[in-house]
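Counting starts at 1 for both ligands and their atoms, following the listed order. We number each residue from 1, following the sequence as shown. Computation of the quantities below employed the complete heavy-atom set of this structure, encompassing side-chain atoms and omitting hydrogens, waters and symmetry-equivalent molecules. This one's a predicted model, so the numbers in the text were calculated from it and none came from an experiment.
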Amino acid sequence: MKPHDPHMDWGMKNRYLSVFNKKSGRTIFYAVDHGYFMGPTTGLDDMEKAIHPVVDYADALMLTRGALRSAVDPWLRKPISLRISSGTSILNEDLLHEGLAVEIEEAVRLNAAFVAFSVMVGTPTSERDTILEFSRAVDQAERYGIPMLGVVAVGRGLNRDARYLSLATRMVGELGARLVKTYYCEGFERVVDTSLVPVVIAGGKKMPEKAALQMARNALDAGAIGVDMGRNVFQAENPVAMMQALAKLVHEDGTVEDAYAYYEELKAKG
Ligand code: 5RP
């Protein structure tokens, strides 16, 4: 696990640490931002239902400003990671060719603890734009003491292996992210060890619950500081139980067997 960056002003540090569990030093972001390029994603048709009460068992909530305004109870006492990049939909061949879509003042108004931006490394069309726009967004975020969660986006046809992911993850840290969200892969230690900043993993496409817990366990064992999961939670048979099982794994260092048994137990109780 990478140490937290000590070179932060108090405000930045306070926002940054707000997403971590003080005891375990780890984090679980609940990602429900998919609609900004995928529309009404399975499991997110009713955003209010998808968010509450699952988010109670997470450490932070990652979403768009539209979802925040329309579906989140302002009494929520969880830090927000606000999606500030966009530009293309899932229908576009040039996937995730994104730019800065939400100015930093809006992130401040919405009380964001983090801002999140996707960077596409290795594609002919979107690489340069997303890198330059990401860098502009980092400048804005740093000015206001808001940490940037850099999201490694993987383009169609690119290999999600340790070679590619360590290159992209390292670049995103070099460009100024305070935390990087990337994908899990075989040999993930290399991705973590060569990153300049702590790393969390995205869940990716829905898989069986036990497999998703196993992937999270492997990532933590390889040095990830937490997870930023969406589909494997909100598309689970019981999302609230799945989030609690993840918390057992991440914060109590539970085994996959323990976490999965806990999931089954909670699911049976309904
Ligand atoms: C899209 C995102 C999503 O938030 C991310 O992929 C996490 O969700 P999932 O666990 O479903 O992959 O950043 O670019």
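Nearest to atom 4 (O) of ligand 1 among the protein's heavy atoms is D33 OD1, 2.4 Å.
The closest approach between a heavy atom of N232 and any atom of ligand 1 is not below 4.0 Å.
Geometrically, ligand 1 and F37 share no nitrogen or oxygen pair separated by less than 3.5 Å. On a distance-only criterion, A202 and ligand 1 share no N/O pair closer than 3.5 Å.
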Item to check | Residues K13, D9; criterion salt bridge (charged side-chain N to carboxylate O under 4.0 Å, His left out); working and verdict | outcome: CA-CA 6 Å; K13 198 163 217 169; D9 290 337; over 6 Å; no

Checklist entry - Can R136 and E142 be said to form a salt bridge (charged side-chain N to carboxylate O under 4.0 Å, His left out), step by step? => result CA-CA 10 Å; R136 195 161 74 85; E142 291 283 320; over 6 Å; no

Checklist entry - Taking it one step at a time, do V54 and Y30 satisfy side chain to side chain contact (heavy atoms under 4.5 Å, CB included)? => result CA-CA 8 Å; V54 184; Y30 181 33; 3.7 Å; yes

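Near A31, meaning under 4.0 Å from one of its heavy atoms, ligand 1 places the atoms 4 (O), 7 (C), 8 (O). Within ligand 1, the atoms closer than 4.0 Å to a non-hydrogen atom of V151 are 13 (O), numbered from 1 in the order shown. Near G204, meaning under 4.0 Å from any of its heavy atoms, are these atoms of ligand 1: 9 (P), 10 (O), 11 (O), 12 (O). Atoms of ligand 1 found under 4.0 Å from any heavy atom of D228 (numbered from 1 in listed order, with element): 7 (C), 10 (O). Set against the non-hydrogen atoms of Y183, the atoms of ligand 1 under 4.0 Å away are 6 (O).
Across the listed options M38, M229, H34, H34 owns the non-hydrogen atom lying nearest to atom 8 (O) of ligand 1. Between R83, K205, K181, K206, it is R83 that holds the heavy atom closest to atom 14 (O) of ligand 1.
No side-chain heavy atom of D228 sits under 4.5 Å from any side-chain heavy atom of I201.
Taking a cutoff of 4.0 Å between a charged side-chain nitrogen and a carboxylate oxygen, E174 and R170 qualify as a salt bridge. Ion pair K23/E252 not flagged as a salt bridge, since none of the NZ, NE, NH1 or NH2 atoms sits closer than 4.0 Å to an Asp/Glu carboxylate oxygen. Between K248 and D253 there is no salt bridge, since no side-chain nitrogen of the basic residue lies less than 4.0 Å from a carboxylate oxygen of the acidic one.
When the shell of 6.0 Å around CD of E105 is examined, it contains more than 12 heavy atoms from other residues, nucleotides or ligands.
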